[in-house]
Structure formats: structure tokens, C-alpha cells
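In what follows, chains are A, B, ... by sequence order, proteins preceding strands, each numbered from 1.
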There are 2 protein chains.
Amino acid sequence: MVIRSAIEGSSRMRVLVVEDEVRLASYLKRGLEAEGYAVDIAATGTDGLWMATEQTYDAMLLDIMLPGMNGYKVCEELRQKGNWVPILMLTAKDGEYDEAEALDTGADDFLSKPFSFVVLLARLRALLRRGSAERPPVLATGDLTLDPSSRVVARGGVQIDLTPREYALLEFLMRHPGEVLPKRDIIEHVWDWEFEGDPNIVEVYVGYLRKKIDVPFGCDLLKTVRGAGYRLDPSNG
Amino acid sequence: MVIRSAIEGSSRMRVLVVEDEVRLASYLKRGLEAEGYAVDIAATGTDGLWMATEQTYDAMLLDIMLPGMNGYKVCEELRQKGNWVPILMLTAKDGEYDEAEALDTGADDFLSKPFSFVVLLARLRALLRRGSAERPPVLATGDLTLDPSSRVVARGGVQIDLTPREYALLEFLMRHPGEVLPKRDIIEHVWDWEFEGDPNIVEVYVGYLRKKIDVPFGCDLLKTVRGAGYRLDPSNG
DNA sequence: CGTGAACCTGAGAGAACGCTGAGAATCTCT
DNA sequence: AGAGATTCTCAGCGTTCTCTCAGGTTCACG
């Protein structure tokens, strides 16, 4: 069975997600589609293998632990058939399955759970970029710039040091400039997909970010929209 | 089998509402149809599951507490069958049912009762928009503009700050320009659908809005239609 | 012109919301 | 192991928002 949520005529990147855990699958589908990818889901290894051979995808997210046929096997068989679609493997943290083994079987990259969505996107972009020899564009909002490839953030030429979490938050905001982003969405993207802590964490990190990107420059790029979320506002340089 | 969640400009979006409480179901049907959606109703979980598999919907509103088969189960079975129609779950506030669990079973989003219709519409639009990578259009009435994605309201280029409630009210009015909207309808859409307070609340908030969007500009966009309701009048710039 | 219904508005209580500093827990690197 | 960086939790605080209420104003109509 093939399930496609496709928009005909558009040239969106197509991604196949092979994941049996419904919640994670649904989360990945939601998040990736919001980023403009066309996403198909397969719940078992055999389904995934079949879909990957029947259709053409730009990339594949492949869980290792799958019912029926595990991720290694799927990867191996695909490569044997001469299918070299870029594969990003999702490995559990507990070490039962090995990351080296993932690469052995022909995976291009791996990501260990739990991961934040922003990190997943970064890896996926890197995979898709490969072969096209394109460097990711530098993000800019006002005089604030962020270079995803070097992870350098600067404001008006002055480089700014950020911690990983601060960086992930800023990258997410800068990829949606001018948009109001609810705390809920921010948590889903910047923290683990199943983070269940206090949304206050967002307020805290917004505070940290402001201290580094706004306060020293005496302005107010990162706005609070009370009752709705936060917004990176290009208008106020 | 190919299932497509297509965005078709020409035909109306089809929404399946699975809700046993007759009054709420009827309210949702009326409200959504007024917004241009084609709405089907299922009163039990089994009915809902059957309709969702037989027909193709663009989205699904799914109550959790249902006779026969609860919302979690419906969602789970649909996902198992490979049906990834966007699902917005309606959860009761009392915490007996968990929001995390809703996402566990593969729901795309959830909304806890009581909710305002404007919020429901916003979430529904977000679900439908997903995958089309389109930003919602800016609403405009005369020289008054409202951008749902940035939540920015402006009049003749001058930005206007609104509280969440004021914003919801204005958005509702601006989605029905030139129409006379009875207080009752406004309460149903902008407040809870079973709000039972004083209708005076509408007068109060209309007053707040006027102070921000009309008074400073010396005109009268937001009209009172005595005995009938309120109207946002594009003619009077 | 008087009357009642509908509408407007200012004041204020209580709740919700967001910000912040302190400090605990965890991670990283030497 | 130890130092420092980073992440996260928590409680307190001030602000903002929501909603109610009571009294005032406007309007339609007899």
C-alpha cells in the first residue's frame, strides 16, 4: 500500500520515514511537512523497503528497531539493489545497536534518540545537500546572521558565542522570521520530541538569547507576543 | 491504493467531525460550514472509523470520549491502516484523558475543551496548510490589516498592539467583513462555545477594540447595528 | 416628551502570564 | 577527579489581561 501526501507539480523534497512507533512517526511527519517536505510513512521494514523501491525519494529516515525486518537489513538490501538514496538512521541511545554498524550497512549518517528536531533537520539538510555541492545559505534577520554550516552567529560583524541550546533556538526562530512561534512549537522543535517539562524553559532560554543578541546592542529583535509566543522581528533593526 | 491529502483550490475542504454530544456536533457543523468547509458528522467511534476509511477527508476532528470506541482507539486503528489524515483531537480539560496520549496514538494536534471557535479554526487551518508550505494570506479591510502568521495588526502602516482576546475578536470580524455579526455568534466564536456569562462582555471588548483601531484614527470602521450586532465596514476608511 | 431596551464605559478584583535570579543537576574537558 | 560550562527547575515578583458590575448614555417608539 502506498500512501502519498503529495502536492502535484511542486518540486518539494520527498522523504520516506520508516518508523513503527506511531507517535514518533506522526511527529516526524508533522514536523517535516511543516518544513516543506513531502513525507511518506512506512511502519514496518518490509513496507519501507517496498516503498523505497517503488517510489523515488530524496532521502530516507530509517529506524533500526522495526518489526519484521530491521533497519540494517532494509539498508543492506537497498544498497544491494543499487539504490543509493541518502539514508539517515535513527538509533536508540542504549547502545544495543551500534552506530558503526549503521554506517557499515551503507547508511549515510545516524542520529541517536532522543534528538531535537532542529538537529534532525540539520542532518537531513546535510544529506540532501550532498552531491549538489551547494552550501547552505546564511540566514539573516536584520543585521543578525547565522551560518548553519559553520554555526557562526554574528550581529553587525560582531561574533556572538552561543551554547548549543541557544543556537538551536535561534536557528529555529531565524528559519521562521516574522512568524509568531508558540511556546509549544518551540519546545517540539528545539527540545526532544517528547519533552514534557515546564514551558517556562522557553522563557528562560529566550532570556539567555536576549542577553546575547539584543541587550548588548540595545534593541529588541526577539519579541514577546503575550498569550501567543515569540517572534523574531526583522523590522526593528 | 493511493491516498492523497491534496490542497485543491477549487473544491471545498472536507472535514469529518466525530463527536457524540449532539449539541457540540451541531455547533461544529454549523460553524465549519459557515466557514466554507464540507462537514460530515459521525456520532460514534466505530462510525467515525468507518467513514474515515470509506471516504477521503482533508482533516478530522475527533473527540476522545466516545461511545463504543474511544478517540484514541480510532486514531490508532486509522494509523495502523496507513491512513494519515490530519487529526485534531478534542480533549476534556479535567485531565482524565491525557494530551500526551493523544499524540501517542498518532494525533497531529489536540485542543482542550472548552475552546473558542476562532482557536479551533486556526489550528484546523494550520493542519490543512501543513504540507502546502503556504503562509496564510493577510486579511485586509480598508486600510486595516491583520497577518495571522505574524499576528501583526496595522492600520495605514501603523502597528497596533492587541491583547489575545482583542485579537481573536478582530480576526473573527475581519474574516466576515461587511457582515452583521450578532453578539451571540461573536460569543460562540471568540469565547467558549458554551460561554454563559453576560453578553455585555462583547460590548466591553468592542469598546477596547475601537479605542485601538478607530479612535486614534478618527473614524468608525467597527459599527454598531443596534438590536442586531456589530459590523466591520470596509466603506468607511 | 417619557420610557424602556440596548449599548457604552470606567473602575477594580482576581487570575494568568512572562521574566528573572538562585541554585541544583548534568555534561564536558582536562 | 575537578573545574567550568551548560541545562534545567523552581519560586517570587511585577505586569497585563479578563471579566464583572454599576451607572451613564443613546436610541426607538409610543
Side-chain angles (χ1 to χ4, degrees), chain A residues 93 112 114-116 118-119 151 153 160-170 172-173 180-192 194-215 220-231, chain B residues 93 112 114-116 118-119 151 153 160-173 180-192 194-216 220-231:
Chain A
K93 194 184 185 180
S112 42
F115 50 82
S116 91
V118 167
V119 170
R151 284 180 58 105
V153 176
I160 298 171
D161 278 338
L162 297 181
T163 73
R165 190 68 86 194
E166 289 162 1
Y167 175 86
L169 173 58
L170 183 59
F172 180 56
L173 292 170
V180 169
L181 302 168
K183 270 195 273 236
R184 207 166 56 100
D185 288 11
I186 295 179
I187 286 183
E188 273 201 352
H189 282 78
V190 177
W191 276 261
D192 294 356
E194 49 187 358
F195 180 90
E196 275 172 18
D198 197 326
N200 170 255
I201 191 72
V202 178
E203 295 159 24
V204 172
Y205 271 83
V206 164
Y208 293 160
L209 256 190
R210 279 185 178 140
K211 262 195 206 123
K212 294 188 177 179
I213 68 169
D214 268 341
V215 177
D220 183 27
L221 217 55
L222 178 41
K223 293 235 176 72
T224 301
V225 184
R226 199 169 218 275
Y230 294 92
R231 186 183 54 202
Chain B
K93 193 184 183 180
S112 41
F115 50 82
S116 88
V118 167
V119 170
R151 254 188 77 116
V153 176
I160 299 171
D161 278 338
L162 298 180
T163 73
R165 190 68 86 193
E166 288 161 3
Y167 176 86
L169 173 58
L170 182 60
E171 181 177 339
F172 179 56
L173 293 170
V180 173
L181 301 166
K183 264 195 277 229
R184 185 172 34 83
D185 285 12
I186 294 178
I187 287 184
E188 273 198 353
H189 282 77
V190 178
W191 277 261
D192 298 352
E194 47 188 1
F195 179 90
E196 277 171 15
D198 196 329
N200 169 254
I201 191 71
V202 178
E203 296 159 24
V204 173
Y205 271 84
V206 164
Y208 293 160
L209 257 189
R210 280 185 178 138
K211 256 192 213 131
K212 294 187 177 179
I213 68 169
D214 269 340
V215 177
D220 183 28
L221 215 55
L222 178 41
K223 295 236 176 68
T224 302
V225 183
R226 206 182 169 79
Y230 296 92
R231 186 185 50 192

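The side-chain contact (heavy atoms from CB on, under 4.5 Å) check on B:R226 picks up nothing, with sequence neighbours excluded. Every salt bridge (Lys or Arg N to Asp or Glu O under 4.0 Å) that A:R184 has, sequence neighbours left out, goes to B:D109. Taking the side-chain contact (heavy atoms from CB on, under 4.5 Å) definition, one finds that A:V215 meets it with nothing, sequence neighbours left out. When the ring-ring contact (aromatic ring centres under 6.0 Å, His included) test is applied to B:F172, the partners found at least two apart in sequence or on another chain are B:H176, B:H189. The salt bridge (Lys or Arg N to Asp or Glu O under 4.0 Å) test applied to A:K183 returns A:E203, not counting sequence neighbours. Every residue two or more places apart in sequence or in another chain that forms a salt bridge (Lys or Arg N to Asp or Glu O under 4.0 Å) with B:R231 is listed here: B:D233. With sequence neighbours left out, A:D198 forms a side-chain contact (heavy atoms from CB on, under 4.5 Å) with A:N200. Applying the salt bridge (Lys or Arg N to Asp or Glu O under 4.0 Å) test to A:D185 and every residue at least two apart in sequence or in another chain returns nothing. Residues that satisfy the ring-ring contact (aromatic ring centres under 6.0 Å, His included) test with A:Y205, not counting sequence neighbours, are A:W191, A:Y208.
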Between the protein and nucleotides 15-19 of chain C, which nitrogen or oxygen pairs are less than 3.5 angstrom apart?
{"unit_1": "C:dC17", "atom_1": "O2", "unit_2": "A:R226", "atom_2": "NH2", "d": "2.7"}
{"unit_1": "C:dG18", "atom_1": "OP1", "unit_2": "A:G227", "atom_2": "N", "d": "2.9"}
{"unit_1": "C:dG18", "atom_1": "OP2", "unit_2": "A:K183", "atom_2": "NZ", "d": "2.8"}
{"unit_1": "C:dC19", "atom_1": "OP1", "unit_2": "A:R210", "atom_2": "NH1", "d": "3.1"}
{"unit_1": "C:dC19", "atom_1": "OP1", "unit_2": "A:T224", "atom_2": "OG1", "d": "2.5"}
{"unit_1": "C:dC19", "atom_1": "OP2", "unit_2": "A:Y230", "atom_2": "OH", "d": "2.5"}

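Remark on the helix from C:dC1-D:dG30 to C:dT30-D:dA1: inter-end axis angle 30°, axes from five-pair C1' superpositions, rounded to 10°.
Atom-to-atom, OH of B:Y208 to P of C:dG12 comes out at 13 Å; the value is rounded to the nearest Å. Atom NZ in A:K211 sits roughly 8 Å away from atom C1' in C:dG21 (whole-Å rounding). One atom, NZ of B:K212, and another, C1' of C:dT9, lie 16 Å apart when rounded to the nearest Å.
The side chain of B:K223 places no N or O atom within less than 4.0 Å of a non-bridging phosphate oxygen (OP1 or OP2) of C:dC7.
Rounded to the nearest 0.5 angstrom, B:I213 CD1 and B:L173 CG are separated by 7.5 Å.
Along DNA chain D, the stretch of nucleotides lying under 4.0 Å from any heavy atom of chain B spans, 5' to 3', D:dC17 to D:dC27.
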